[in-house]
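I have placed the structure first, in the form of structure tokens, so that the comments after it can refer back to it.
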Amino acid sequence: MSQHEEEYKPKKLGKIILLAAIVITALFFISQIIFLLISGFSSNKDEVAFFAGNHYSIIRKDDTYRLYDKKTKNVILDNVNGYYSNNAVYSYIKNEEEYVVINEQEEEYIIREIDPSNSQEKELFEKFTPLSK
């Protein structure tokens, strides 16, 4: 081997390492920019709880909780302040005036008025997980 070939190999290896470092750095910064763009344009929705096989969910948006039907994309109950689920048959979600009873197997719901004199409702509401703002 000539002296010229021995000098050429280390220079070529150095250029390859430098190019690889530049590519890796560029990919890192591009991924960070994409992450920032995605997080910046995403809505302020947080899903708090799921019911009936993810058919319904409580969503927190702008410090307000709502019961949401994910299939029809409709709000079922606004200003939700608590929920209870035994994950077997029924789940209950309430606000100040009404509560929703979700049949977990049938994926159906009923909206009912809260009756302050009903002792069974009072006992049920004591089991609820409160949602705070």
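This one's a predicted model, so the numbers in the text were calculated from it and none came from an experiment.
- No side-chain heavy atom of Ile93 sits less than 4.5 Å from a side-chain heavy atom of Tyr84.
- Atoms CD1 and CZ, from Ile24 and Phe29 in turn, are 13.0 Å apart once rounded to the nearest 0.5 Å.
- A heavy-atom distance below 4.5 Å is not found between the side chains of Val48 and Ile59.
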Full working for side-chain contact (heavy atoms from CB on, under 4.5 Å) between Phe51 and Ser85: CA-CA 8 Å; Phe51 309 98; Ser85 178; 4.0 Å; yes

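- For Asn81, the side chain to side chain contact (heavy atoms under 4.5 Å, CB included) partners at least two apart in sequence or on another chain are Lys94, Glu96.
- With no hydrogens or angles considered, a side-chain donor-acceptor pair links Glu121 and Tyr99 at under 3.5 Å.
- For the pair Tyr56 (side chain) and Glu107 (backbone), a donor-acceptor distance under 3.5 Å is present.
- Across all non-hydrogen atoms, the minimal contact from Lys70 to Ser57 is CD-OG, 3.6 Å.
- Here the CG-OH distance, from Leu77 to Tyr83, works out to 14.5 Å after rounding to the nearest 0.5 Å.
- When side chains are defined from C-beta on, Ile58 does not count as touching Tyr68, because their heavy atoms never get closer than 4.5 Å.
- Inter-residue side-chain proximity for Leu67 and Val75 is flagged as unmet; no heavy-atom pair is nearer than 4.5 Å.
- Counting heavy-atom neighbours within 6.0 Å of Gln105 CD, excluding the residue itself, gives a total above 12.
- Listed for the Asn95 side chain is a donor-acceptor partner under 3.5 Å among the backbone atoms of Asp78.
- Distance alone, capped at 3.5 Å, places no donor-acceptor pair between the Glu98 side chain and the Arg112 backbone.
- Contact of the Val89 side chain with the Glu104 side chain is not registered, since no non-hydrogen atoms from C-beta on lie closer than 4.5 Å.
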Let's go through Asp69 and Thr72 carefully: what are the C-alpha distance in whole Å and the side-chain angles of both, what is the deciding distance for side-chain contact (heavy atoms from CB on, under 4.5 Å) to 0.1 Å, and is it a yes or a no? CA-CA 6 Å; Asp69 185 333; Thr72 64; 3.2 Å; yes

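- The heavy-atom pair separating Asn103 from Ala52 by the smallest distance is O-CB, 4.4 Å.
- With contacts defined as side-chain heavy-atom distances shorter than 4.5 Å, the pair Tyr109/Ile76 qualifies.
- Inspection of the Thr64 and Asp62 side chains reveals no N or O donor paired with an N or O acceptor under 3.5 Å.
- Aromatic ring pairs are classed by plane angle as parallel below 30°, tilted from 30° to 60° and perpendicular above 60°; the pair Tyr90 and Tyr92 is tilted.
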